[in-house]
Enquirer: 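Mind having a look at this structure? Questions to follow.
Keep in mind that the numbers below use all heavy atoms, side chains included, and drop hydrogens, waters and symmetry copies. Proteins come first, then strands; the chains are lettered A, B, ... in the order of their sequence lines, and each starts at number 1.
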Amino acid sequence: MEGFAEAGYPYFVARGQKGYNGVMILSKMPIEEVAAEDFASLGHARHIAGRLENGVTIHNFYVPAGGDKPDRAVNEKFGQKLDYLTEMRDWFKANKPKKSILVGDLNIAPLPHDVWDHKKMLKIVSHTQVEVDHFNDVMAAGDWIDVTRQDIPEGLLYSWWSYRAKDWDAADKGRRLDHVWATSDISAAAHSSRVLRDARGWEKPSDHAPVFATFDL
DNA sequence: ATGGTAGGTGGCCTA
């Protein structure tokens, strides 16, 4: 934590399970934890929410990846992913977000231009129709706006490239799995979204690249 | 239809 403070982020809210999963929101300003839900009762640490002193709430989600086969009858993890999204939807229906930002690895690329090959990817977990339907239901339930696509509506845009490609940059078989959303009451304050694609080429990189957005609030 | 890479933890599982 000292390292984060030295880097200019003395405040945070976080949940984690060593060796498994975790979410964290670092802040330059005081932030108070306001929620940490265990959707689909997985016993995981995939959600944290904090509120800043200006009244803005920030959610960070790590939606389950969902395994390989997009069929809950043979792949329990896929069912858990859908259930996770269904419970997110119901929670946002019951707790209508206002002045809120949602970020995270949502493990779904919702739009045809969020993947390198829409037709091929329709059979691949992260871009199947049932996942996109669940994803859109969560957005509708919270009146969420996709800030990244508000700023960058056109063109292929990815935030993740598999480790398994021999040359991720040349093959460029990416997916936009990481998202920045805002409720419609503050979405007009968002601008300057971008993906730091260069980070995918750093030493010992994550397979995800950072997604940025700026809010004037 | 399959394998490909990376990581964390501990000898395999998940992403």
Enquirer: Rounded to whole angstrom units, what separation is found between the CH2 atom of A/W202 and the C1' atom of B/dA6?
Expert: 18 Å

Enquirer: Would you call A/D207-A/R164 a salt bridge at under 4.0 Å N-O?
Expert: no

Enquirer: Under a 4.0 Å N-O cut-off, is there an ion pair linking A/R197 with A/D172?
Expert: yes

Enquirer: Using the C1' atom as the point on both nucleotides, what is the distance between B/dT2 and B/dG7, in whole Å?
Expert: 22 Å

Enquirer: What protein N or O atoms touch nucleotides 10-14 of chain B N or O atoms at under 3.5 angstrom, if any, and at what distances?
Expert:
from   : atom 1 : to    : atom 2 : distance (Å)
B/dT14 : OP1    : A/K77 : NZ     : 3.4

Enquirer: Tell me, yes or no, whether the heavy-atom count around A/D185 atom CG, taken from other residues, nucleotides or ligands under 6.0 Å, exceeds 12.
Expert: yes

Enquirer: Please give, in whole Å, the distance from B/dT5 C1' to A/W161 CH2?
Expert: 17 Å

Enquirer: Between B/dA15 and B/dT9, how far is it from one C1' atom to the other, in whole Å?
Expert: 15 Å

Enquirer: Rounding to an integer number of Å, can you tell me how far A/K173 NZ sits from B/dG3 C1'?
Expert: 12 Å

Enquirer: Check whether any side-chain heavy atom of A/V115 lies under 4.5 Å from a side-chain heavy atom of A/R176, and answer yes or no.
Expert: no

Enquirer: Expressed in angstrom and rounded to an integer, what is the separation of A/D105 atom CG from B/dG7 atom P?
Expert: 16 Å

Enquirer: Could you tell me which residues satisfy ring-ring contact (aromatic ring centres under 6.0 Å, His included) with A/Y84, sequence neighbours excluded, listed by chain and number?
Expert: A/F39

Enquirer: What is the distance, to the nearest angstrom, from the CZ atom on A/F78 to the P atom on B/dA15?
Expert: 14 Å

Enquirer: Is A/K120 atom NZ crowded by more than 12 heavy atoms from other residues, nucleotides or ligands, each under 6.0 Å away?
Expert: no

Enquirer: Looking at B/dG3, I'd like to know if its phosphate oxygens (OP1 or OP2) sit under 4.0 Å from a side-chain N or O belonging to A/K166.
Expert: no

Enquirer: Less than 3.5 Å apart, any donor N or O on the side chain of A/D143 or A/S184 sitting next to an acceptor on the other?
Expert: yes

Enquirer: For B/dT14 versus B/dA1, give the span between their P atoms, rounded off to a whole number of Å.
Expert: 23 Å

Enquirer: In whole Å, measure the gap between the P atoms of B/dA6 and B/dG10 for me.
Expert: 22 Å

Enquirer: Select from A/D207 and A/D68 the residue whose nearest nucleotide in DNA chain B is closer to the 5' end of that strand.
Expert: A/D68

Enquirer: How many Å lie between NZ on A/K120 and P on B/dA1, as a whole number?
Expert: 16 Å

Enquirer: On DNA chain B, compare the nucleotides closest to A/G19 and A/G66; which residue's is nearer the 5' end?
Expert: A/G19

Enquirer: Nearest-Å distance, CG (A/N75) to P (B/dA15)?
Expert: 10 Å

Enquirer: What's the NZ-P distance between A/K123 and B/dT2, to the nearest Å?
Expert: 15 Å

